[in-house]
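In each ligand, atom 1 is the first atom listed, and ligand 1 is the first ligand listed.
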Amino acid sequence: MKSYRAVLLDVEGTTTPISFVYETLFPYARRNLGTFLRENWDDPEVRQDVELVVQEAKELARDHADEPDFVPVPDQPPSDDVLRTSVVRHLEWQMDRDLKTTGLKSIQGRVWKSGYTEGNLKAPVYEDVPEAFEVWDKRDVPLHIYSSGSVEAQRLLFSNTERGDLTGAIDGYHDTRTGPKKEADSYGTIAESIGVSAGDIVFVTDDLDEARAADDAGCQAIISRRPGNPEIGAHDFEEVETLSPVVEAGAGS
Ligand SMILES: [Mg+2]
């Protein structure tokens, strides 16, 4: 491993178990959706999301209305209670299919935010992560996050980990608004925003295509092998099981 001037980290499979999303976050949103909508029904932003869900439900009805288990949202619900209940049931139908409509994603984000804020949700990070962050922070090494989860979701996650608030060590967050993680240009854009050349960045990820894209951009790409990560094909990248070897390489030795 070569030394570097800035660190860029993937989240799932690198700092946090991939299982967190499917075993904790999604079930949490599903369990708390009804309660959340009832308690926040008068929030104008929540109601905007609800209107969006109603629109998207109409669009989905065009392709799915024939399916026996499809749950529509009624056109003229007789009461707010009926509207709310049918929106919840419709969103459960969407979640069963792992759909990613804008309305569903926005409401899920709100449910997670309230879960984190109320202390009911904590994000796991691997044991070596807080110490690595602390060392980079002390050495003034820019530390950036790049995940397909939104920047807001990344901030929430690192503010509310099982090991406390880690955001003090993080200098920047990037999501797919910067560009797709499997395209080299995205890494050039991130390098520019950090203010270093791509060759000065070490990028750690569990995804081989992401590593290749970063490598194409000139970054030093390292593969993260954490427990529970999927098997990946043959490659020539260096692999690490924790962030410690990356921390050590950064000492410039
Ligand atoms: Mg990953």
Ionic contact status for Asp69 with Arg97, cut-off 4.0 Å: yes
Side-chain donor/acceptor of Thr189 to backbone N/O of Asp185, under 3.5 Å: yes
Name of the Glu12 atom (N/O/S only) found closest to the Mg ion (ligand 1): O
Which atom name does Asp206 have for its N/O/S atom nearest to the Mg ion (ligand 1)? OD1
Taking the inter-plane angle between the rings of Tyr173 and Phe158 on a 0 to 90° scale, is it parallel (under 30°), tilted (30 to 60°) or perpendicular (over 60°)? tilted
Atom nearest to the Mg ion (ligand 1) - Asp10, N, O or S atoms considered: OD2
Backbone or side-chain N/O/S of Glu210 under 2.8 Å of the Mg ion (ligand 1): no
Which residues satisfy the side chain to side chain donor-acceptor pair (under 3.5 Å) test with Arg31, sequence neighbours excluded? none
